[in-house]
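Since the structure comes first, as structure tokens, the remarks are kept for the end.
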Amino acid sequence: QVRLVESGGGLMQAGGSLRLSCAASERAFGPYAMAWFRQAPGKEREFVAVIRWSGDTTRYADSVKGRFSISRDNAKNTMYLQMNSLKPEDTAAYYCALDRAGSMMIDSRAYDYWGQGTQVTVSS
């Protein structure tokens with residue numbers, strides 16, 4: 001059982017930056033993928049970005065492309081989400097997730113493990 005813990009959320013003005021971290025309790029073996037999802041109040045959880053375990057493949061939602069950057073440090077069992085040029089519509093709870101199969105899917109049902117989430121609030 002892999003436990004995921006997010007950190008780095010907070011309150012930021014529009015145009016600012018935040019970096020989220022997701023620490024895994026242990027190293028996941030095999031071709032896994034890790035992703036960020038977000039959920040705003042009253043809305044469904046939506047895909048943000050995903051990275052393959054090797055770090056050579058990433059995928060982003062159109063809404064964050066060019067502003068957000070996903071990365072990972074396998075030595076630290078940690079994944080990051082650098083968020084720049086934040087907008088009020090980025091306000092949401094952000095969750096990290098791990099897919100043991102490494103499918104790189106944007107469907108949340110593909111993911112086996114989830115963190116508890118960290119809140120990001122962007123004021124205008």
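From a predicted model like this one, the values you see are computed outputs, not experimental measurements. Only heavy atoms go into these numbers, but all of them, side chains included; no hydrogens, no water, no symmetry mates.
A search for side-chain contact (heavy atoms from CB on, under 4.5 Å) contacts involving Lys43 returns Ala40, not counting sequence neighbours.
Annotation: side chain of Ile70 is not in contact with side chain of Tyr80 (no heavy-atom distance under 4.5 Å).
Between Phe37 and Tyr111, the two ring planes are perpendicular [angle over 60°; tilted spans 30° to 60°]. Ring geometry, Phe68 versus Tyr94: the interplanar angle falls from 30° to 60°, so the pair is classed tilted.
Contact record, Tyr60 with Ala49: CD2-CB, 3.6 Å, taken as the closest heavy-atom pair. In terms of heavy-atom proximity, Met105 sits nearest to Arg59 at CA-NH1, 4.4 Å. Of all the heavy atoms in Gln119 and Ala92, the pair that sits closest is NE2-O, 3.4 Å.
Placement of Trp36 and Phe47 in two distinct hydrophobic clusters is found when ILVMFWY residues are connected by side-chain heavy-atom separations under 4.5 Å, directly or transitively. Criterion: ILVMFWY side-chain heavy atoms under 4.5 Å apart, direct or through other members. Under it, Val2 and Tyr95 are not part of a common hydrophobic cluster. There is a path of hydrophobic side-chain contacts, each under 4.5 Å, that joins Met34 to Met83. The hydrophobic clustering, which links ILVMFWY residues whose side-chain heavy atoms are closer than 4.5 Å, places Met79 and Met104 apart. Put simply, Leu4 and Val120 are part of the same group of oily side chains (I, L, V, M, F, W, Y) that touch within less than 4.5 Å, one to the next.
Every pair passing salt bridge (Lys or Arg N to Asp or Glu O under 4.0 Å) that includes a residue from residues 67-82 is listed here, sequence neighbours excluded: Arg67-Asp90.
The local environment of CD in Gln116 is sparse, with at most 12 non-hydrogen atoms from other residues, nucleotides or ligands closer than 6.0 Å.
Separation of atoms CG (Asp99) and CG (Asp112) is listed at 5.5 Å; rounding is to 0.5 Å. Summarising the geometry, atom CD belonging to Gln39 is positioned 9.0 Å from atom OG belonging to Ser108; distances are rounded to the nearest 0.5 Å.
Relative to the ring axis of Trp114, Arg3 does not place its NZ or CZ within 45° and under 6.0 Å from the centre.
Looking at Arg100 and Tyr32, their side chains never bring a donor and an acceptor atom within 3.5 Å of each other.
With hydrogens and angles disregarded, no donor-acceptor distance shorter than 3.5 Å links the side chain of Thr118 to the backbone of Glu6.
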Can you give me every donor-acceptor pair (side chain of residues 13-24, partner residue at least two apart or in another chain, under 3.5 Å) with its distance?
{"residue": "Ser17", "atom": "OG", "partner": "Asn84", "partner atom": "OD1", "Å": "2.9"}

